[in-house]
Protein chains: 2
Amino acid sequence: MKPTIKDIAAESGVSIATVSRVLSHKTGTYSEKTQAKILAVAKRLGYRKNSTAVELVKKKAAIIALIINATPTNFSTQIIDGIQRRAGELGQGVIILYAGNRNAELQHQAIVTALERAVSGILLAAIEPDAEDLTLLKESHVPFCFVSVYLGTDKVLAVSSDNEKLAATATDYLLDHGHTHIGLAGVDTYHTGSQRIAGYRRALAARDIQETTIKYGDYSYESGRQLLAEFLPLKVTAIIAASDMVAAGLLNAAQEAGIAVPEQLSLVSIDGTDICRITTPALTSLTQDFYQIGAQSVDRVLGEAAATFVPVKLVERGSVKRVG
Amino acid sequence: MKPTIKDIAAESGVSIATVSRVLSHKTGTYSEKTQAKILAVAKRLGYRKNSTAVELVKKKAAIIALIINATPTNFSTQIIDGIQRRAGELGQGVIILYAGNRNAELQHQAIVTALERAVSGILLAAIEPDAEDLTLLKESHVPFCFVSVYLGTDKVLAVSSDNEKLAATATDYLLDHGHTHIGLAGVDTYHTGSQRIAGYRRALAARDIQETTIKYGDYSYESGRQLLAEFLPLKVTAIIAASDMVAAGLLNAAQEAGIAVPEQLSLVSIDGTDICRITTPALTSLTQDFYQIGAQSVDRVLGEAAATFVPVKLVERGSVKRVG
DNA sequence: ATAGGCATTGTAAACGTTTACGTAACGTGC
DNA sequence: GCACGTTACGTAAACGTTTACAATGCCTAT
């Protein structure tokens, strides 16, 4: 049997209360002598605390639940890394619950699982919640925060890039390079996509361009490959890709179709992961600070001060050419 | 306050035992009538079970702990996906504990955390354990299984590709294409690396080639970039890369140095993730079945029948040329 | 001497479940 | 009418901690 504080108490001739106080560092409530004695016995017995029991009596787990889509997004590791690190600094553990791939049932299940454990906060990364999930979360009175998704309202916590500004920046950048026929590829139909479309529209409108060319997708490489064909007849000279993977898909499809990038077609990618460096040419990108997004979301959900939007950086590589 | 079974019991005029029996589906121990009554009350009260309490009394959590390196390996999502799915089928939840980046302290901490929760099994993905970790795990009497790492002995559970065979296959493939000066790039100095080196050596020796060219690294893109320069003076005509990222690094460094792939240098990559399709040319790879590795490791750690080695597939793309 | 304060420890209840055991009611077969 | 089995349910202990409260001993100031 695994030793408990009871065993330690018996072995060292004190009560379990004293053992508990020493082991949970309630300094000032025990003498150095008993501390030493208890610590020695604990070590000798190979004692390991039972977190389950602690959580039961405290009615609170020092744990943040991260619910995440199973979509193999290449940035998720950076987000997780940021969350993990910051949580550790604040004395919190992290458990990750996978929500399948846009599977409403699994997503719901993941939230319930988190709720069953009395976690100190719930983080939802790259998740688009349905109404039911949202009420479930609200009624639970457990703080929750969306990560890399901004619901368009400050009423629900979120940490994300400012997608509208991001898309506007990308569009402006292309406009500044002389492009006037600019496409937007691979955006989704939810919050993130809409915000990016809005920014794209706004930037174009500011220069009196009404023509917009928007193709929806799912952020995947395949999505990018397929979408290129749809842009071809539309005479765009530049495309903003909704993710690095979409950009890579567009790029490779273009090369196969004999279209040179950036000579005949400019590409700006959104995300800025390693993928951008791997392709030929390397992809100019709006690089999101995923690590920071993750770290900040921890602060947010635990009630520490932190901003909703994390700045984005434009990184010039080799996929955009000046025209006109 | 969150409602408990006590509240349900009071509300429906039965004992908490009966409520518990209904709620935990101990079929045959209650009448349909009471079941209906209790379920109704539970729903009305918005009851949610307290997993912590359940785990405390059962002394067992229906949870598998996955300890994983924070190294942004692009295959980890596939492994996690496999684990998650299979665990779900077996009624187990998954919590992921990040172990930092080859940080012995954090790694140790992660194991302790898992042990504190009485999990049903511990999975260690891409982790090279030190002696201390190993004894800690062994003494805990919690089943554990290494994922994508084979310690070279069947005494400790593992699910992995057969690295020796994998490397031999890659080498043979290159030999069959006429290459005789073959390099091996980016392998580590631990189990995985040694096994691959052994396979590489064995395949070469089988054709009476004694010359080996091995460069160590850390599986990263940067690692690949740097390593190319070291191979240049050695006149190899083909290189086996220890990961897709290393291959991408080699490829791009080669292109920058004016060396055409595959015309002047052939490349075989190990892993076979999406990265292989993104580069130009696409990378011929020994593709590991990470999803299966993950899924099978769950079976393994829970005591179900499953093999240690998961087959690897050679996928021909465009980075190898026949010579001689 | 006495009261008060402080340091240290012990007692016992509480957290929300599960489950072994006991019991009552109700047939059923004889 | 009796023994017995079955069904349905209740009682109470247990899981391993934390912590409010009480108790003890000792020191100090009066």
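Naming convention: chains lettered A, B, ... in sequence-line order (proteins, then strands); numbering from 1 in each chain.
In the model, A:S297 has no side-chain atom that pairs as donor or acceptor with a side-chain atom of A:R86 under 3.5 Å. With hydrogens and angles left out, the side-chain atoms of A:D271 and A:T273 include no donor and acceptor closer than 3.5 Å. Counting only N and O atoms by type, the side chains of A:Y150 and A:N163 include no donor and acceptor under 3.5 Å apart.
When distances are taken from the side chain of A:A17 to each of C:dT11, D:dT17, C:dT17, the shortest belongs to C:dT11. Distance from the side chain of A:L56 is smallest for D:dG16 among the nucleotides D:dG16, D:dC15, C:dG10. Set against D:dG10, C:dG16, D:dT17, the side chain of B:V14 has D:dG10 as its closest nucleotide.
Regarding contacts with the backbone of D:dC9, every side-chain N or O of B:T18 stays at 4.0 angstrom or more from both OP1 and OP2. At D:dG16, none of the side-chain N or O atoms of A:T4 fall inside 4.0 Å of OP1 or OP2 (strictly under the cut-off). Contact annotation: A:S20 side-chain N/O to D:dT18 OP1/OP2 distance is under 4.0 Å. Checking the phosphate oxygens (OP1, OP2) of D:dG16, a side-chain nitrogen or oxygen of B:K59 falls inside 4.0 Å.
Between the C1' atom of C:dG16 and the CG atom of B:L23 lies a distance of 12 Å, rounded to the nearest Å. What separates CG of B:D7 from P of C:dG16 is a distance of 9 Å, to the nearest Å. The distance from atom CD1 of A:I8 to atom P of D:dT18 is 11 Å, rounded to the nearest whole Å. A straight line from CG of A:N50 to C1' of D:dG16 spans 6 Å, rounded to a whole angstrom. To the nearest angstrom, C1' of C:dT18 lies 16 Å from NZ of B:K60. Regarding A:I5, its CD1 atom lies at a distance of 13 Å from the P atom of C:dT11, rounded to whole Å. Rounded to an integer number of Å, the gap from B:K6 NZ to C:dT18 P is 14 Å.
In this structure, B:I16 reaches the bases: a heavy-atom distance under 4.0 Å links it to at least one base atom across the strands shown.
Comparing B:R21 and B:K58 by the nucleotide of DNA chain D whose heavy atom lies nearest to each, the residue mapping closer to the 5' end is B:R21.
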Quiz item: Could you go step by step and tell me if B:L124 and B:V149 meet the side chain to side chain contact (heavy atoms under 4.5 Å, CB included) rule?
Solution: CA-CA 9 Å; B:L124 302 107; B:V149 166; over 6 Å; no

Quiz item: So A:L56 and B:N50, side chain to side chain contact (heavy atoms under 4.5 Å, CB included) or not? Walk me through it.
Solution: CA-CA 9 Å; A:L56 178 59; B:N50 182 329; 4.2 Å; yes

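In this structure the side chain of B:I64 reaches within 4.5 angstrom of the side chain of B:L302, judged on heavy atoms.
For the segment residues 24-37 of chain A, residues with any heavy atom less than 4.0 angstrom from an atom of DNA chain C are, sorted by number, A:T29, A:Y30, A:S31, A:T34.
Here the closest heavy-atom approach between residue A:K59 and residue A:A118 is recorded as O-CB, 4.2 Å.
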